[in-house]
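Working notes, structure below.
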Amino acid sequence: MRSQTSLYRHRDFRQLWAADTVSQAGTAVTLVALPLVAISVLHATPAQAGLLVACEYLAFLLLGLPAGAWADRYRPRRIMLAGDLGRAVLLGSVPAAAAFGVLSLPQLYAVAFGMSVCTVFFDVAYGGYLPRLVPAEQLTDGNVKLEVTRTIAQVGGPGIGGLLISALTAPFAVLVDALSYLGSAALLARIRTPGQPGTREPGGSLRAEIGAGLRFVFGHRQLRGITLTAALSNLFGTIGFSLLLVLLAGELRLPPVLCGLVFTAEAAGGLIGALLTRRIVARIGERLALSVPVAVSAVLWLLAVPMFQADWRLAVAFVLHGLGWVVFMTFRISSVSYRQRLCPPELLGRMTATVRFVVWGAMPAGAVIGGLLGQWLGVRPALWIGAAGELFAVLPVFLALTAGRRGADAAPVLPRSDNS
């Protein structure tokens with residue numbers, strides 16, 4: 001309890017905590033609003049909806065690696081401030097274009113890609129900022145706190161987004177998220193610790209700095225396995241995510257409020273999972289916490305697919321979907337804390353960028369594949385493929401941790417997190 005109390009009294013952490021919460025609340029609204037702008041207002045096809053989701057993550061694939069090297073050269077707070085302000089301007093253009101009757105799919109694609117550019121720099125800086133603000137032994141506690149409030153914001157966000165869409169129409173509901181990024185920037189500006197940039201080698205080139213991040217991540221057996229597992233989970237998960245609203249809003253003709261509930265179920269499950277993470281890790285150890293939840297969550301999501309129907313089965317689908325996130329959150333938080341503890345400070349940005357490049361870079365590929373599968377095979381068969389693929393995501397981390405237990409890796413093995 002002492003570490004929790006010290007973080008509650010840590011002024012800079014509280015500002016970071018509040019900024020992230022405000023931003024995530026608005027993002028939860030846009031999670032429903034932006035795809036519904038494309039589907040309901042601009043009548044996007046499954047392939048077009050998949051392309052929109054791909055644009056939301058494309059910068060992680062195109063800019064992820066150099067962003068890490070650049071982020072290590074500058075103070076992380078400045079990068080985060082620029083990211084928040086950029087996202088506010090981009091999202092503000094959507095209701096402005098709608099008001100003048102010129103909103104189009106190409107603009108949505110441009111906004112989604114611009115958002116991904118701002119987000120890739122923000123997230124890379126963010127991933128290296130927390131270890132600079134709090135002691136290493138408090139990283140898991142800090143990550144849990146951030147994840148709990150993030151999911152609390154997301155619990156109500158999609159439902160509120162559905163109500164806002166009904167009252168204001170989808171383009172103007174996006175304005176809420178634009179304002180949230182301005183609020184996040186104001187809170188970040190109050191942080192007193194700007195965070196020092198990483199130490200660069202004299203004469204070091206951008207290519208050499210990127211290579212150092214790649215070697216660190218892929219040269220460590222367990223870290224490599226964790227990264228590949230997260231990437232496979234994102235690849236197949238995005239196949240389903242890119243088509244889920246197409247199924248709910250397009251084929252089942254559900255109202256926006258019900259469409260938003262699928263994200264509320266996801267966030268509620270994530271909240272419960274975040275609250276249980278420290279207890280689960282203390283009980284089973286971090287090694288099992290990085291493998292078992294991936295397999296169990298995949299089974300739950302697979303069971304949810306046939307239950308997405310326009311009747312009572314929809315409630316069962318929401319419950320199964322939420323339970324999947326209860327379980328998966330243990331892997332999500334444990335893997336982030338493990339990476340942050342393992343990484344030397346001067347490599348934090350590049351390590352985060354390398355992981356995001358692989359993990360988030362799989363998402364535009366999944367979105368495009370999902371859109372094409374939905375166009376060719378139908379929406380529900382594509383959902384089955386995405387859910388079934390999740391079952392295989394556990395293999396890289398399982399094999400890496402098994403090899404690590406046999407002493408195949410010279411790097412430190414995962415400790416039991418009884419104090420996390």
Counting C-beta onward and ignoring hydrogens, is there a side-chain heavy-atom pair between V37 and L108 closer than 4.5 Å? yes
Can you see whether S233 engages E390 through a side-chain donor-acceptor pair at a distance of less than 3.5 angstrom? yes
May I ask you to decide if S116's main-chain N or O and T119's side chain share a donor-acceptor pair within less than 3.5 Å? no
What do you reckon, is CZ of R11 surrounded by more than 12 foreign heavy atoms closer than 6.0 Å? yes
To the nearest 0.5 Å, how far apart are CZ in R339 and CD1 in I226? 8.0 Å
CE of M329 to CG of L276, rounded to nearest 0.5 Å, is 11.0 Å
Beyond-backbone contact of L271 with V326, side-chain heavy atoms, under 4.5 angstrom: no
Other residues, nucleotides, ligands: >12 heavy atoms within 6.0 Å of F392 CZ: no
With heavy-atom distances below 4.5 Å as the criterion, would you say the side chains of L228 and V397 are in contact? no
With no hydrogens and no angle check, is any side-chain donor or acceptor of R313 less than 3.5 Å from a backbone partner on M307? no
Compile the donor-acceptor pairs under 3.5 Å between side chains in residues 44-52 and protein atoms, sequence neighbours left out, one pair per line.
residue	atom	partner	partner atom	Å
T45	OG1	Q48	N	3.2
T45	OG1	Q48	OE1	3.4
Q48	OE1	T45	N	2.9

Apply side-chain contact (heavy atoms from CB on, under 4.5 Å) to residues F218 and L223 and explain how you reach the verdict. CA-CA 7 Å; F218 288 99; L223 185 54; over 6 Å; no
Please check if atom CZ in R380 has more than 12 non-hydrogen atoms from other residues, nucleotides or ligands closer than 6.0 Å. yes
Please check if the side chain of E56 supplies one atom and the backbone of M363 the other of a donor-acceptor pair under 3.5 Å. no
Do any N or O atoms from the side chain of S291 and from the backbone of F398 form a donor-acceptor pair under 3.5 angstrom? no
What's the spacing between L248 CG and I39 CD1 if we round to 0.5 Å? 9.0 Å
Check the orientation of W301 and F328. Use parallel for under 30°, tilted for 30 to 60°, and perpendicular for over 60°. tilted
Is the CZ atom of F216 crowded by more than 12 outside heavy atoms at less than 6.0 Å? yes
Under 3.5 Å, is there a donor-acceptor pair between the side chain of S184 and the main chain of A19? yes
When you compare the side chain of L302 with that of W384, does any pair of heavy atoms fall below 4.5 Å? yes
Has R87 got its NZ or CZ under 6.0 Å from the middle of the six-membered ring of F122, at an angle within 45 degrees of the ring axis? yes
Contacts of R215 that satisfy salt bridge (Lys or Arg N to Asp or Glu O under 4.0 Å) - sequence neighbours left out: none
I'd like to know if the side chain of N234 and the backbone of A362 have a donor-acceptor N/O pair within less than 3.5 Å. no
Straight-line distance of I272 CD1 to T277 OG1, nearest 0.5 Å: 11.5 Å
Would you find a donor on one side and an acceptor on the other, under 3.5 Å apart, between the side chain of S335 and the backbone of R332? yes
